[in-house]
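What follows is a short report on a single structure.
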Amino acid sequence: MVIHLPADLSSFVGRATELESILQALTGSRLLTPAGPSGFGKTRLAIRAARRVSSDAAVWVDLSETSHDDQVTQRVAEAPAVPVPRSDPAAVAAALAAGPALIVLDNCEQVRAGAAEFVEVALRRCPGLTVLATSREPLRITGERVWRLTPMVLTEAIDLFLDRSDADPTDPDARAAARRICDRLDRLPLALELTASWAGTLSLHEIAAMLSDDVERPLLAGSRRSAPFRQRTLADSMDWSHRLLTGDEQGCCAGSPRSNTSASTRSGRRPTGSMPPTRCWRPCAA
């Protein structure tokens, strides 16, 4: 079967322990959900795991542009071009029974109900099928095993930043500056990659100094034109998370000074008393 996995556009750095743990978890679970806030690297980790688990029989389904639960089954059918009614989960699952050993559903958070419905049917109809589903929140169905992603360990975060900034990883001065940057950005992969894009304009020590002086807005507003819209800037990522919250959850965030981060990022000003944008995802991310 053709492998429908996205090609890597950059090197895969770090997450060695997490990758091995996910691979081990997949051997004993038919549904594994790497879950965590935006920018933690769920998609890259899922691509790498899929290649290792099922190098010749994996199908990738990108749900990031899917906005309605009833479209999930159609997206799954489109990936391997299954010739069946694309609105019937049972029919699509039956057609997949002799097909891929692994289906990866990426970015399930905004269509969790639709993803959960399809996965439940597919796992019942296809005994040999395993599902890897990335999401900011678990699907919450029977048999699901959730793997909560955390920020990168410091050494791997430093390696990632130095790789993306094209700096010498053996230079003690560069590693010292990278450590300051990683500490300031909470070792969040998306924030590190956005900030590293400024390395051609600023030295690593200048970047670290700007972050220490709370002048991170221009750095974190970096432009990654080829990235998904929700990950082109840290503000886009937080806005995407905020839209996925319920009305009550949004109201809770609105009562916190942290909720003003996205708006102030766009304006280039920070409201008095608010936290840096790299901290905002902790209480408010969906």
Side-chain angles (χ1 to χ4, degrees), residues 8-16 18 36-45 136 149-242 258 260-271 274-285:
D8 286 328
L9 300 181
S10 59
S11 59
F12 184 81
V13 180
R15 294 298 197 192
E18 290 89 340
S38 177
F40 269 47
K42 299 185 294 296
T43 295
R44 291 297 300 272
L45 198 55
R136 302 192 186 187
L149 226 56
T150 58
M152 300 182 77
V153 297
L154 180 58
T155 55
E156 292 182 344
I158 292 173
D159 289 341
L160 174 64
F161 182 81
L162 292 174
D163 179 82
R164 297 300 189 260
S165 59
D166 200 25
D168 181 359
T170 65
D171 180 359
D173 210 34
R175 294 193 72 85
R179 176 168 186 156
R180 291 173 58 199
I181 292 167
C182 292
D183 285 340
R184 178 58 180 162
L185 297 178
D186 292 338
R187 308 186 306 281
L188 177 63
L190 176 59
L192 293 172
E193 297 215 20
L194 289 171
T195 305
S197 67
W198 285 89
T201 304
L202 303 169
S203 72
L204 299 193
H205 284 287
E206 287 174 329
I207 292 173
M210 289 181 71
L211 292 172
S212 297
D213 292 338
D214 285 350
V215 192
E216 68 268 89
R217 295 240 183 279
L219 302 178
L220 297 176
S223 59
R224 300 199 310 167
R225 297 184 186 279
S226 62
F229 70 90
R230 65 190 182 283
Q231 292 183 347
R232 288 176 187 166
T233 70
L234 204 59
D236 290 336
S237 176
M238 290 185 288
D239 285 342
W240 171 260
S241 290
H242 189 265
R258 300 183 184 192
N260 294 322
T261 301
S262 294
S264 60
T265 299
R266 288 188 293 270
S267 68
R269 292 176 288 104
R270 172 180 300 150
S274 69
M275 294 292 287
T278 54
R279 316 277 175 181
C280 177
W281 43 264
R282 283 185 176 146
C284 298

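Quantities reported herein were computed from a predicted structural model and do not represent experimental measurements.
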* Asked: Leu149 versus Arg15: any side-chain heavy-atom pair under 4.5 Å?
  -> yes
* Would you find a donor on one side and an acceptor on the other, under 3.5 Å apart, between the side chain of Ser197 and the backbone of Leu194? -> yes
* In terms of heavy-atom contacts, does CG of Asp166 have more than 12 from other residues, nucleotides or ligands at under 6.0 Å? -> no
* Between Gly36 and Lys42, what is the shortest heavy-atom contact and its length? -> O-NZ, 2.9 Å
* **Within 6.0 angstrom of Arg175 CZ, more than 12 heavy atoms from elsewhere** => yes
* Could you tell me which non-hydrogen atom of Ala208 sits nearest to which non-hydrogen atom of Ala177, and how far apart they are? => CB-O, 4.1 Å
* If you look at every heavy atom in Ser165 and Ala199, which pair is closest and at what distance? -> CB-CB, 3.4 Å
* Grab the two heavy atoms, one from Ser38 and one from Arg136, that are nearest each other, plus how far apart they are. => CB-NH2, 2.8 Å
* Residue pair Leu45 / Phe12, side-chain heavy-atom distance below 4.5 Å -> yes
* Structure fact -> Rounded to the nearest 0.5 Å, the OG atom of Ser11 sits from the CZ atom of Arg164 at a distance of 4.0 Å
* Any side-chain heavy atom of Arg180 sitting closer than 4.5 Å to one from Leu211? -> no
* To do: Kindly write out the residues that satisfy salt bridge (charged side-chain N to carboxylate O under 4.0 Å, His left out) with Glu156, not counting sequence neighbours, or none if the list is empty.
  => none
* To do: Heavy atoms only: give me the nearest Ile181-Leu204 pair and the separation to one decimal.
  => CD1-O, 3.7 Å
* **Residues that Ser203 engages under side chain to side chain contact (heavy atoms under 4.5 Å, CB included), provided they are two or more places apart** => His205, Glu206
* Asked: Would you say Cys182 and Met152 make side-chain contact, with heavy atoms under 4.5 Å?
  -> no
* Asked: Is any side-chain heavy atom of Thr150 less than 4.5 Å from a side-chain heavy atom of Arg187?
  -> no
* Structure fact -> Between Leu188 and Gly39 the two heavy atoms that sit nearest each other are CD1-O, 3.3 Å
* Asked: With sequence neighbours left out, what residues match Ala178 under side chain to side chain contact (heavy atoms under 4.5 Å, CB included)?
  -> Ile158, Phe161, Leu162
* May I have the step-by-step check of side-chain contact (heavy atoms from CB on, under 4.5 Å) for Asp159 and Asp163, ending in yes or no? => CA-CA 6 Å; Asp159 289 341; Asp163 179 82; over 6 Å; no
